[in-house]
Amino acid sequence: MNKTELVQAIAEKANLNKTQAKAALDAMLCSVGCALKDGKKVALIGFGTFQVVKKEAREGINPATKAKIKIPAKKVVKFKVGADLANKVNSKKK
């Protein structure tokens, strides 16, 4: 599902027009992104939790040359799926 299809699904399920649904989705994504940028954790009960974690610098191998390279430390977004979402994905019912 891409963003356009997601906007369509939101519009249908929330009884909104596509413009309103797109604005709501954009606001949600912006709010989550801003919270993560500020170092906050975003927990959506039943769906999952987004948080920023720091990955330490490490040594890796360039697959083309087999030379050792240094991979710098960085921050990454981690998502932990919630129980309700996991149950929906693993349910045999569609």
Look at the side-chain heavy atoms of Ile, Leu, Val, Met, Phe, Trp and Tyr, link any pair under 4.5 Å apart, and say whether Val89 and Val81 land in one connected group. yes
What residues form a ring-ring contact (aromatic ring centres under 6.0 Å, His included) with Phe47, not counting sequence neighbours? Phe79
Apart from Ile61 itself, its cluster of hydrophobic side chains linked below 4.5 Å comprises none
Please tabulate, for side-chain N and O atoms in residues 24-31, each donor-acceptor pair with protein atoms closer than 3.5 Å (sequence neighbours left out).
residue, atom, partner, partner atom, Å
Asp26, OD1, Lys3, NZ, 2.6
Asp26, OD2, Lys22, NZ, 2.7
Ser31, OG, Ala27, O, 2.8

Is the side chain of Asn62 donor-acceptor paired with the backbone N or O of Ala64 at a distance under 3.5 Å, no angle test? yes
Residues 65-74, side-chain donor-acceptor partners within the protein, below 3.5 Å, at least two apart:
residue, atom, partner, partner atom, Å
Thr65, OG1, Ala67, N, 3.3
Lys66, NZ, Pro63, O, 3.2

Could you work out, with side-chain hydrogen bond (donor to acceptor under 3.5 Å, both in side chains) as the rule, every residue matching Lys41, not counting sequence neighbours? none
Check Val42 against Ala35 and note the closest heavy-atom contact, atom names and distance. CG2-CB, 3.7 Å
From CG (Leu44) to CG (Asp84), nearest 0.5 Å: 11.5 Å
Pairs involving residues 19-46, ordered by first then second residue, that meet ring pair (Phe, Tyr, Trp, His ring centres under 6.0 Å) (sequence neighbours left out): none
Quick one: ring pair (Phe, Tyr, Trp, His ring centres under 6.0 Å) pairs with a partner in residues 18-38, sequence neighbours left out? none
Identify, with sequence neighbours excluded, every residue that meets side-chain hydrogen bond (donor to acceptor under 3.5 Å, both in side chains) alongside Glu12. Gln8
Listing request: all side-chain hydrogen bond (donor to acceptor under 3.5 Å, both in side chains) pairs with a residue in residues 44-58, at least two apart in sequence or in separate chains. none
In terms of hydrophobic clusters joined by side-chain contacts under 4.5 Å, are Leu85 and Met1 together? yes
Joint cluster assignment, Ile45 & Leu36, ILVMFWY side-chain distance < 4.5 Å: no
Only pairs at least two apart or in different chains count here, so list each ring pair (Phe, Tyr, Trp, His ring centres under 6.0 Å) that has a residue in residues 52-74. none
